[in-house]
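Chain A is the first sequence line, chain B the second, and so forth, proteins listed ahead of strands; every chain is numbered from 1.
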Amino acid sequence: MTHVEEKMLLSSLTAEFYSQTPPQGEAKVKRRRRKKARGDVDMEVKKRRLTDEQVKFLEMNFGEEKKLESGRKMHLASEIGLDPKQVSVWFQNRRARWKNKQMEEDYMKLKSMHDSVVVEKCHLENEVLKLKKRLEEAEELIKKISGGMGSSPSSSFSNNRVEGEADQLMYMSEYSYNGLMDWMCLYGV
DNA sequence: TTGTGTTTTATTGCCTCC
DNA sequence: GGAGGCAATAAAACACAA
């Protein structure tokens, strides 16, 4: 029986179990399957759990290749005595589980990265505050020096020295501050 | 034993690709 | 148009506390 014939048969058997088509003008809505009526022998499908060996075998093959082409499906099915359909269903469900797990792991990784960025941001904000304070102090020092200069020729040497240090301090503060800002912009912090 | 939550197997409808 | 994939869902099977 071909895939389509199978589908048609199933559809004819189950048509009455489905709700109506979606109202016109609405976006496509997935029709919900109606619950199977109790005691409907025709539609009764016995659900059998696979044995541990079968699951182990399928897991092993899933580890090698997550997709299943037709020849491989037939081969695996005959190896463990299952219907090829069961093998494809198992792979389909296994891919869904794998995808969920991957997403969970990705979420945890992103969360961890986010947390460390938040901590880093906090550190950087503290650093910015400290640097701003140093800058203010440097500016204050420069004001004091430039206000008291020129009165005593004997102090010119020490004044020049102090001025040089203040310039250097200010330059360093600005350099660090600007560099930090550049870095923060670069990384969007 | 039974009620309830979780996992596994199976089905369906829709979508994409060839 | 057929084959196969995926998301959503149903329902059987299982686990486990009370």
Original post:
Nearest-Å distance, CD (A/Gln54) to P (B/dA10)?
Top reply: 10 Å
Original post:
Side chain of A/Arg72, backbone of A/Asn61: donor and acceptor closer than 3.5 Å?
Top reply: yes
Original post:
Of the nucleotides C/dA7, C/dG5, B/dA10, which one has an atom closest to the side chain of A/Gln86?
Top reply: B/dA10
Subject >> Close residues, residues 89-98 of chain A, relative to DNA chain C [heavy-atom separation under 4.0 Å] >> reply: A/Gln92, A/Arg95
Original post:
In whole angstroms, how far is the P atom of C/dC14 from the CG atom of A/Leu50?
Top reply: 11 Å
Subject >> Whole angstrom value for the distance that separates P of B/dA10 from CZ of A/Arg48 >> reply: 9 Å
**OP:** Measure across A/Gly81 and A/Gln54 and return the closest heavy-atom pair with its distance rounded to 0.1 Å.
**Re:** O-NE2, 4.3 Å
Original post:
Counting side-chain heavy atoms from CB outward, which of B/dT8, C/dC6, B/dA10 is closest to A/Arg49?
Top reply: B/dT8
Original post:
Nearest to the side chain of A/Ser70 - C/dC6, B/dT9, C/dG4?
Top reply: C/dG4
Original post:
Residues two or more places apart in sequence or in another chain: which of them pass salt bridge (Lys or Arg N to Asp or Glu O under 4.0 Å) with A/Lys67?
Top reply: none
Original post:
To the nearest angstrom, how far is A/Lys66 atom NZ from C/dG4 atom C1'?
Top reply: 18 Å
Original post:
Between A/Lys111 and A/Asp115, does a salt bridge (charged side-chain N to carboxylate O under 4.0 Å, His left out) hold up when you go through it step by step?
Top reply: CA-CA 6 Å; A/Lys111 190 175 181 300; A/Asp115 289 349; 3.6 Å; yes
Original post:
Given the rule in the salt bridge (charged side-chain N to carboxylate O under 4.0 Å, His left out) test, do A/Glu137 and A/Lys133 qualify, once you have shown the distances and angles that lead to the verdict?
Top reply: CA-CA 6 Å; A/Glu137 284 168 3; A/Lys133 195 161 178 270; 3.6 Å; yes
Original post:
Are A/Phe91 and A/Trp98 linked, directly or through other ILVMFWY residues, by side chains that come within less than 4.5 angstrom of each other?
Top reply: yes
Subject >> Gap between atoms CD1 and P, on A/Ile80 and B/dT9 respectively (whole Å) >> reply: 11 Å
**OP:** Return the value, rounded to whole Å, for the distance between atom CG of A/Asp52 and atom C1' of C/dC14.
**Re:** 13 Å
Original post:
Rounding to a whole Å, what distance do you find between A/Glu69:CD and C/dG4:C1'?
Top reply: 12 Å
Original post:
Starting at NZ of A/Lys99 and ending at C1' of C/dA7, how long is that distance when rounded to a whole Å?
Top reply: 8 Å
Original post:
Crowded around A/Met113 CE? As in, over 12 foreign heavy atoms under 6.0 Å?
Top reply: no
